[in-house]
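Everything below concerns the one structure shown next.
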2 protein chains.
Amino acid sequence: MPLNRERVLDEALRLVDEEGLDRLSLRILAARLNVQAPTLYWHVKNKSELLDALADAVMDEAIAAVPPPAGVGDGREWLFEALRALRAALLQHRDGARIISGARDSLRRGDFSETAMATLVQRGMDARDARLLVLVGERFTVGWVLEEQSPPPEGPAPSVEQLRARFPVATRAIGDYFTGTGRTADDLFDDAARLALGLPGAGRS
Amino acid sequence: MPLNRERVLDEALRLVDEEGLDRLSLRILAARLNVQAPTLYWHVKNKSELLDALADAVMDEAIAAVPPPAGVGDGREWLFEALRALRAALLQHRDGARIISGARDSLRRGDFSETAMATLVQRGMDARDARLLVLVGERFTVGWVLEEQSPPPEGPAPSVEQLRARFPVATRAIGDYFTGTGRTADDLFDDAARLALGLPGAGRS
DNA sequence: CGTAGTTCTCTAACACCGTAAGAGGGAGAT
DNA sequence: ATCTCCCTCTTACGGTGTTAGAGAACTACG
């Protein structure tokens, strides 16, 4: 079975999932494919193009996960669901947000925006508002997941008391949000995303 | 004049500003300081710690640029100004957003959030709402500037017609926003940020 | 059948990277 | 005069992306 571009990309994504984006090197990837590193250059222009292709793959999954528009509203609720799907797709892969935010040349990013904006406009929203809303939602979500996926600091984690001393308001707010209540990180994103989109809800407890 | 940590960090930031984050290597940095690469290890633990220090430096500038709270509202308007200051500080340095989003261990990020949340709470906002709002604003802004600062694709830029064919809604909305009107990228950020924070305005034209 | 061409993988090498180990110079204190 | 601390040096290791070019295997053509 000969090597082809698809197998290279699949294995690259698997490698990133297992070891993280920083460990993706052409030599390691080649070894996993039982091949020498320069061989990859036959199937891929260079590493940067490989990274772009990975970003495309991740975005494809995100786009595929977006639910079809339904319901009645002006589409804000649908956009909210689309952002949930985007976040889920990014979380599906280790460093997913870094992959797509680092891509130099990925038209799939634009596809996501375009279909989102088109859907909103089709449902009656002003084009200018739609663009603004999609831009806000998309960049907010990427920034959010980027933070969620950022690895913890290298040294020993700072103690809870130290954090409480330096960030009293934040730690108390975090504590109030999670402890006792059965809320999860997913709920926090939902609340934040609804807020960013100007949607009601974010159900007070 | 002996080398010290401060001079190393200053020169590193200058190097990043001139050449971009990808070109920051210990050898190049050392050469600019008329020193050999391993010498830097006397002043800095390793490259990762250096990057964290750069992130701290950038965030310090952002924090310093935040205006003192004033006025009357519940603080949302002030937070909006704080986000503008954050964006401006990130734009001040090449790859500013990447620098702070890549930092593994920077407490200054937390300082920004903490003072923002404390300010909002002090002005009467519910702690939970304040946290959510600050989180939304901060991550939105970082995601936004990350996109603003991402370099153009390597090859020749795709033609306007190609873009219009693939992204009709988006290109039309962009055109409507900028052409003719005297609006700038700064205005677009302002509109988007106000939307994300639930502030009125984003003056319809 | 032979030969030419295409497709894929190989080896060898280059320049660069972060980083470790340890030698040594120079200044100040004992 | 020696000891000690601070700072810089040389040397080296294993890793990186990438290029150049040789060569094997297969296909198509005369």
Side-chain angles (χ1 to χ4, degrees), chain A residues 1-56 94-95 98-99 102-106 150-151 153-155, chain B residues 1-56 94-95 98-99 102-106 150-151 153-155:
Chain A
M1 176 167 69
L3 192 55
N4 57 18
R5 183 183 167 93
E6 188 190 350
R7 281 224 303 143
V8 171
L9 297 182
D10 281 1
E11 193 63 39
L13 199 49
R14 196 149 39 221
L15 171 56
V16 170
D17 282 346
E18 291 173 14
E19 311 261 10
L21 187 57
D22 295 325
R23 297 287 297 271
L24 170 59
S25 88
L26 297 185
R27 281 177 167 82
I28 295 177
L29 175 57
R32 290 173 64 123
L33 293 163
N34 297 315
V35 132
Q36 301 300 318
T39 296
L40 298 178
Y41 279 77
W42 183 260
H43 306 280
V44 149
K45 183 158 158 279
N46 51 34
K47 186 174 184 181
S48 162
E49 194 227 29
L50 190 160
L51 291 175
D52 285 347
L54 292 188
D56 278 350
R94 173 113 87 122
D95 294 323
R98 264 178 71 200
I99 290 173
R104 298 192 161 282
D105 188 7
S106 166
S150 82
E154 300 191 339
Chain B
M1 176 167 71
L3 191 55
N4 57 18
R5 182 182 167 94
E6 188 189 351
R7 281 225 300 146
V8 171
L9 297 182
D10 281 1
E11 194 62 40
L13 200 49
R14 193 146 44 218
L15 171 56
V16 170
D17 282 346
E18 292 173 14
E19 310 261 10
L21 187 56
D22 295 327
R23 297 287 297 270
L24 169 60
S25 87
L26 297 185
R27 281 176 166 83
I28 295 176
L29 176 57
R32 290 173 66 122
L33 293 162
N34 297 315
V35 131
Q36 301 302 316
T39 297
L40 298 178
Y41 278 76
W42 183 260
H43 306 279
V44 149
K45 184 159 157 280
N46 49 36
K47 186 174 182 179
S48 162
E49 196 228 27
L50 190 159
L51 291 175
D52 285 347
L54 291 188
D56 278 350
R94 171 114 86 122
D95 294 325
R98 262 178 74 199
I99 290 173
R104 298 192 161 285
D105 188 6
S106 166
S150 84
E154 301 190 337

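Just so we're on the same page: letters track the sequence lines, and every chain starts at 1. Just the heavy atoms: all of them, side chains too, but no hydrogens, waters or symmetry mates, feed the values below.
In this structure, A:Asn4 atom CG and C:dT7 atom P are separated by 15 Å, rounded to whole Å. Between the CG atom of A:Leu40 and the P atom of D:dT16 there is a distance of 12 Å, given to the nearest Å. Whole-Å rounding puts the A:Leu3 CG to D:dA25 P distance at 18 Å. Between B:Gln36 atom CD and D:dC9 atom P there is a gap of 5 Å when expressed in whole angstrom units. Here the C1' atom of nucleotide D:dT16 and the CG atom of A:Leu29 are 14 Å apart, to the nearest Å.
A donor-acceptor pair is defined here as one N or O able to donate and one able to accept, closer than 3.5 Å; such a pair exists between the side chain of B:Asp17 and the backbone of B:Arg94.
The minimum heavy-atom distance linking B:Leu33 with B:Leu40 is given by the pair CD1-CD2, 4.1 Å. Closest approach of B:Asn46 to B:Tyr41, counting heavy atoms only: CA-CE2, 4.0 Å. Nearest approach of B:Arg23 to B:Leu15, heavy atoms of both residues: O-CD2, 4.2 Å. The two residues A:Val16 and A:Ile99 have their closest heavy-atom pair at CG1-CD1, 3.9 Å. Heavy atoms only, all atoms of each residue included: A:Leu54 and A:Ala12 are closest at CD2-CB, 4.0 Å.
When side chains are defined from C-beta on, A:Leu50 counts as touching A:Leu24, because their heavy atoms get closer than 4.5 Å.
Of the side-chain N and O atoms in A:Thr39, none sit less than 4.0 angstrom from OP1 or OP2 of C:dC8. At C:dT7, none of the side-chain N or O atoms of A:His43 fall inside 4.0 Å of OP1 or OP2 (strictly under the cut-off). Between B:Trp42 and D:dC7 there is a side-chain N or O to OP1 or OP2 distance below 4.0 Å.
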Legend entry - Reading 5' to 3' through nucleotides 12-23 of chain C, protein heavy-atom contacts under 4.0 Å coded B for base, S for sugar-phosphate only, - for none: BB---BBBB---
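Salt bridge status for B:Arg98 with B:Asp22: present, with a side-chain N to carboxylate O gap under 4.0 Å.
The list of salt bridge (Lys or Arg N to Asp or Glu O under 4.0 Å) pairs with a residue in residues 27-51 of chain B, not counting sequence neighbours, reads B:Arg5-B:Glu49, B:Glu11-B:Arg32, B:Glu18-B:Arg32.
Summary of helix geometry: the two end axes of the helix from C:dC1-D:dG30 to C:dT30-D:dA1, each defined by five base pairs via their C1' atoms, are inclined to each other by 30° (rounded to 10°).
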